[in-house]
Protein chains: 2
Amino acid sequence: MEPNVQARFAARAKIIKAMGHPTRLFIVDTLSRGEANVQELTKAIGADMSTVSRHLGLLKEVGIIRSERRGSQVYYRLQIPCVLNFFDCVESVIKLTAEEQLKLAE
Amino acid sequence: MEPNVQARFAARAKIIKAMGHPTRLFIVDTLSRGEANVQELTKAIGADMSTVSRHLGLLKEVGIIRSERRGSQVYYRLQIPCVLNFFDCVESVIKLTAEEQLKLAE
DNA sequence: TTCTTATTTGGCAATATCGCCAAATAAGCA
DNA sequence: TGCTTATTTGGCGATATTGCCAAATAAGAA
């Protein structure tokens with residue numbers, strides 16, 4: 001793979017990889033229904049706040065979400081809503097895989 | 001996060017994560033233009049064939065691609081074309097991030 | 001069968017990710 | 001100022017990923 005092609009795919013993969021974690025995907029899903037601050041997300045997720053903050057930082061770094069400090073809280077929201085399109089496709093992969101498994105079981 | 005919700009997001013994230021690697025994303029992109037065997041992909045990627053085979057195995061395991069042996073070769077193809085939708089969205093994330101960077105530089 | 005090619009798998013070292021605790025920073029309030 | 005809350009960051013151990021080499025497996029040809 002040529003270096004510039006490699007770099008392009010690395011940049012793309014970095015963004016996709018950011019969503020490739022259960023907690024971060026949950027965050028994206030949650031933010032699709034409106035902004036939330038770290039506290040709220042931490043409560044919904046049930047992990048240490050520092051862990052949630054790190055996941056948020058990663059999503060923000062790649063440009064999927066953005067943050068806005070309001071007083072002592074930091075609110076996050078989706079920067080690019082099209083990432084929600086991933087969900088439907090992923091569900092279809094899961095569904096088809098399940099169907100294939102059923103066929104094998106017959 | 002409740003256990004069943006956690007499991008759902010874990011299953012989804014696993015599929016997205018499979019695409020979150022430069023080589024695997026390249027493979028998906030390549031296969032979108034038609035099937036290819038391990039040899040051809042290995043040549044295009046420039047890594048060890050064993051490495052490519054492992055990437056293919058992972059993509060196959062999560063249901064994004066499927067394989068078909070024909071003689072001594074194994075051909076791979078996209079199982080779910082909708083994964084290509086990811087590319088446009090990812091590009092828009094990259095583009096917007098670049099624009100934000102430009103603004104900061106002013 | 002033996003030889004050659006195509007692919008996968010075992011194993012391992014290097015690196016990256018993850019999640020927690022503790023400490024640092026930021027903001028608001030008394 | 002000092003106190004409290006919200007968030008981020010340093011650091012670390014545990015785990016996962018990655019890529020290579022070597023060996024195993026699969027298929028075809030001599």
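As the structure is a prediction and not an experimental result, all values here were calculated from the model.
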note: A:Met49, atom CE; C:dC18, atom P; distance rounded to Å ~ 20 Å

Which residue pairs pass the side chain to side chain donor-acceptor pair (under 3.5 Å) test when at least one of the two sits in residues 39-50 of chain B, sequence neighbours left out?
-> B:Asp48-B:Ser50

Which atom names give the shortest non-hydrogen contact between A:Ile80 and A:Gly63, and what distance separates them?
-> CG1-O, 3.7 Å

For B:Glu100 and A:Gln79, what are the C-alpha separation, side-chain angles and deciding distance, and is it a side-chain contact (heavy atoms from CB on, under 4.5 Å)?
-> CA-CA 11 Å; B:Glu100 300 276 319; A:Gln79 170 87 301; 4.2 Å; yes

Closest listed nucleotide, where the reference is the side chain of B:Leu58 and the choices are C:dC20, D:dT18, D:dT7 | D:dT18

Quick one: B:Leu59 CG to D:dT17 C1', roughly how many Å, whole number?
-> 14 Å

Side-chain (B:Thr30) to main-chain (B:Phe26) donor-acceptor, under 3.5 angstrom | yes

Nearest whole angstrom, please: distance from the C1' of C:dT8 to the CD of B:Gln39.
-> 14 Å

Can you tell me the distance, in whole Å, between the CD atom of A:Glu40 and the P atom of D:dT5?
-> 17 Å

Using whole Å, report how far CD of B:Glu61 lies from P of D:dA16.
-> 14 Å

Could you list by number each residue of residues 6-38 of chain A showing a heavy-atom separation from DNA chain D of less than 4.0 Å, or answer none if no residue does?
-> A:Asn37, A:Val38

Point-to-point distance, once rounded to the nearest 0.5 Å, from OH of A:Tyr76 to CD1 of A:Ile65 = 6.0 Å

Nearest heavy-atom neighbours spanning B:Val52 and B:Ala47 | CG2-CB, 4.4 Å

Minimum heavy-atom distance between A:Val83 and B:Cys89, given as atom pair plus value | N-SG, 3.4 Å

Side-chain donor-acceptor pairs under 3.5 Å in residues 18-25 of chain B, sequence neighbours left out?
unit_1	atom_1	unit_2	atom_2	d
B:His21	ND1	B:Thr23	N	3.1
B:Arg24	NE	B:Ala18	O	2.6
B:Arg24	NH1	B:His55	ND1	3.1

For residues A:Ser32 and A:Leu84, report the shortest heavy-atom separation together with the two atoms involved.
-> CB-CD2, 3.3 Å

When all nucleic acid strands are considered with a 4.0 Å heavy-atom cut-off, which category describes A:Tyr76: base, sugar-phosphate, or nothing?
-> sugar-phosphate

Least distance between heavy atoms, A:Val93 atom then B:Val62 atom = CG1-O, 3.2 Å

Atom pair CE/CD1 of A:Met1 and B:Ile45 - distance to nearest 0.5 Å = 5.5 Å

Worked check of side-chain contact (heavy atoms from CB on, under 4.5 Å) between A:Arg54 and A:Leu58 = CA-CA 6 Å; A:Arg54 283 219 152 92; A:Leu58 181 52; over 6 Å; no

Nearest-angstrom distance from the residue atom CD of B:Gln73 to P of D:dA27 = 12 Å

Starting from the first five and the last five pairs of the helix from C:dT1-D:dA30 to C:dA30-D:dT1, work out the angle between the resulting helix axes, to 10 degrees.
-> 10°

Has the side chain of A:Arg69 got a donor or acceptor atom that lies under 3.5 Å from a matching backbone atom of A:Gly71?
-> yes

Do you know which two heavy atoms are closest between A:Asn37 and A:Gln73, and how far apart they sit?
-> ND2-CG, 3.9 Å

Rounded distance in Å - CD (A:Glu68) to P (D:dA6) | 18 Å

Round to the nearest Å and state the distance from B:Lys43 atom NZ to C:dT5 atom P.
-> 16 Å

N/O-N/O pairs, protein side and nucleotides 12-15 of chain C side, under 3.5 Å:
none

Base, backbone or nothing for each nucleotide of nucleotides 21-28 of chain C, written B, S, -, heavy atoms under 4.0 angstrom, 5' to 3'?
-> BB----SS

Quick one: is B:His55 getting a side-chain N or O under 4.0 Å of the D:dG19 phosphate, OP1 or OP2?
-> yes

